[in-house]
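Step one of this worksheet: look at the structure below.
These numbers come from the heavy atoms of this one structure, side chains and all, not from hydrogens, waters or symmetry mates.
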Amino acid sequence: TFTNPDNLTINAGQTATLTLAQLTAFEAGGTVTNSGTLNVTTASGDLTADNLSVVDGTLTLSGDATLPNSTSDMPSAINAGSNAITVAASADLTGVTFTNPDNLTINASQTVSMTAAQVTAFNAGGTLTNSGTLNVSGTGDLSAQDLGGVTTLTLSGDATLPNSTSDMP
C-alpha cells in the first residue's frame, strides 16, 4: 500500500507489477515514467476514467470491466481472465492484444475498430454484443474467422471471406 506517493520511474530493462489501485495512486500523486515494462493486476469495474496507456505489459482483469474512455488511454495488452468487457466510449482496439477473452459488449452509439482475429477470439471465447458500430479491417484468408456482429468489414487487399453465412458481417 502506498500512501501519498509522488512519482514512479521504471528504468529500461526492468519490470514492475502493480495493482490498479497502486497505479492510480501514483498517477494521482505525480507521474508514472515507464522506460521498462509495467504490468497491472486486479483491475475490474469502471475503468473509463483511468489512463492505462503507461501499461505496456499486461492489464489483468480480476472481474468484469468497462474499458477506458479513449483509445489513447488503452493498455497494450489485456488478459481478460474470462471476464466480460464493455466498451462504453468509441475506441480503436486494433493495437490491444487480448488473451482469455469472454464476452464483449459495445454500447449503443459507440464505434469500435478491431481486427478480424480479435472479433473471432471474442466470438469463440464468449459472445460479442454489438449495440453500436463495429468496424473491422482485414485481408487474406478470413474463411475461418467468425465476423458475426461486425457492422462494416473493410478489405485492405485480396481476401477469402468466411465459409459460413452466419460468420459474415
Side-chain angles (χ1 to χ4, degrees), residues 18-28 32 34 38-140 142 144-156 159 161-169:
L18 302 173
T19 65
L20 180 61
Q22 290 170 327
L23 175 63
T24 301
F26 274 108
E27 287 182 329
V32 176
N34 182 10
L38 175 60
N39 298 304
V40 172
T41 62
T42 63
S44 65
D46 184 358
L47 308 178
T48 57
D50 292 309
N51 180 355
L52 301 174
S53 63
V54 71
V55 180
D56 62 348
T58 301
L59 173 72
T60 301
L61 300 181
S62 57
D64 296 349
T66 301
L67 294 181
N69 60 7
S70 169
T71 298
S72 62
D73 291 342
M74 294 294 169
S76 62
I78 298 174
N79 178 348
S82 298
N83 294 293
I85 295 175
T86 299
V87 181
S90 294
D92 181 349
L93 301 179
T94 57
V96 179
T97 301
F98 291 95
T99 54
N100 301 309
D102 189 41
N103 298 327
L104 177 69
T105 300
I106 300 169
N107 285 355
S109 302
Q110 304 309 314
T111 300
V112 175
S113 297
M114 297 176 74
T115 67
Q118 288 172 320
V119 170
T120 296
F122 276 101
N123 279 329
T127 59
L128 193 151
T129 304
N130 179 12
S131 298
T133 301
L134 176 57
N135 297 322
V136 173
S137 294
T139 189
L142 304 176
Q145 303 293 324
D146 181 353
L147 302 177
V150 172
T151 308
T152 303
L153 174 63
T154 302
L155 300 176
S156 54
L161 295 176
N163 290 329
S164 169
T165 305
S166 64
D167 291 342
M168 296 287 284

> For Ala159 and Leu142, which heavy atoms make the closest approach, and how far apart are they?
Replying inline: CB-CD1, 4.3 Å
>> In the structure I gave you, are the side-chain heavy atoms of Thr41 and Thr19 within less than 4.5 Å of one another anywhere?
In response: yes
> Which pair of non-hydrogen atoms, one from Leu147 and one from Pro162, has the smallest distance, and what is that distance?
Replying inline: CD1-CG, 3.9 Å
> At what distance, to the nearest 0.5 angstrom, does CG of Asn51 lie from OG of Ser72?
Replying inline: 6.5 Å
> Counting only N and O atoms by type, is there a donor-acceptor contact under 3.5 Å from the side chain of Thr71 to the main-chain atoms of Asp92?
Replying inline: yes
>> Show the nearest heavy-atom pair for residues Val150 and Thr152, with the distance to one decimal.
In response: CG1-O, 3.3 Å
> Distance from Gln110 atom CD to Thr105 atom OG1, nearest 0.5 Å?
Replying inline: 12.5 Å
> If we only count heavy atoms from C-beta on, is the Asn135 to Thr154 side-chain gap below 4.5 Å?
Replying inline: no
> Is the shortest heavy-atom distance from the side chain of Val136 to the side chain of Gln145 under 4.5 Å?
Replying inline: no
>> With a 3.5 Å distance limit and no angle check, can you tell me whether Asn130 reaches the backbone of Gly149 through a side-chain donor-acceptor pair?
In response: yes
>> Filter on side chain to side chain donor-acceptor pair (under 3.5 Å), then keep only pairs touching residues 55-67, sequence neighbours left out; what's left?
In response: Asn34-Asp56
>> Using only atom types and a distance under 3.5 Å, with no angle test, would you say the side chain of Asp50 pairs donor to acceptor with the backbone of Leu52?
In response: no
>> Show, in sequence, the C-alpha distance, side-chain angles and deciding distance for Leu67 and Ile78, and conclude whether the side-chain contact (heavy atoms from CB on, under 4.5 Å) test is met.
In response: CA-CA 10 Å; Leu67 294 181; Ile78 298 174; 3.6 Å; yes
> Looking at side-chain heavy atoms only, is the closest gap between Asn83 and Ile85 below 4.5 Å?
Replying inline: no
> Is there a side-chain contact (heavy atoms from CB on, under 4.5 Å) between Gln118 and Leu104 once you walk through the steps?
Replying inline: CA-CA 11 Å; Gln118 288 172 320; Leu104 177 69; over 6 Å; no
>> Show the nearest heavy-atom pair for residues Leu18 and Gln22, with the distance to one decimal.
In response: CA-OE1, 3.3 Å
> Quick check: does any side chain N or O of Asp146 sit under 3.5 Å from a backbone N or O of Asn123, one acting as donor and the other as acceptor?
Replying inline: no
>> Going by side-chain contact (heavy atoms from CB on, under 4.5 Å), Ile106 matches just one of Thr129, Leu134, Thr111. Which one?
In response: Leu134
> Can you name the closest pair of heavy atoms from Ser90 and Ser109 and give their distance?
Replying inline: OG-O, 4.3 Å
>> Measuring from atom CZ of Phe122 to atom CG of Asp102, what distance do you get when rounded to the nearest 0.5 angstrom?
In response: 8.5 Å
> Will you find, in the side chains of Asn103 and Thr127, an N or O donor that is under 3.5 Å from an N or O acceptor?
Replying inline: yes
>> Donor-acceptor pair, distance only, cut-off 3.5 Å: does the side chain of Ser76 make one with the backbone of Gly57?
In response: yes
> Hey, what do you get for CG (Asn79) to CG (Leu59), rounding to the nearest 0.5 Å?
Replying inline: 9.0 Å
> Taking all non-hydrogen atoms of both residues, which atom of Pro101 and which atom of Ala121 are closest, and how far apart?
Replying inline: CG-O, 3.6 Å
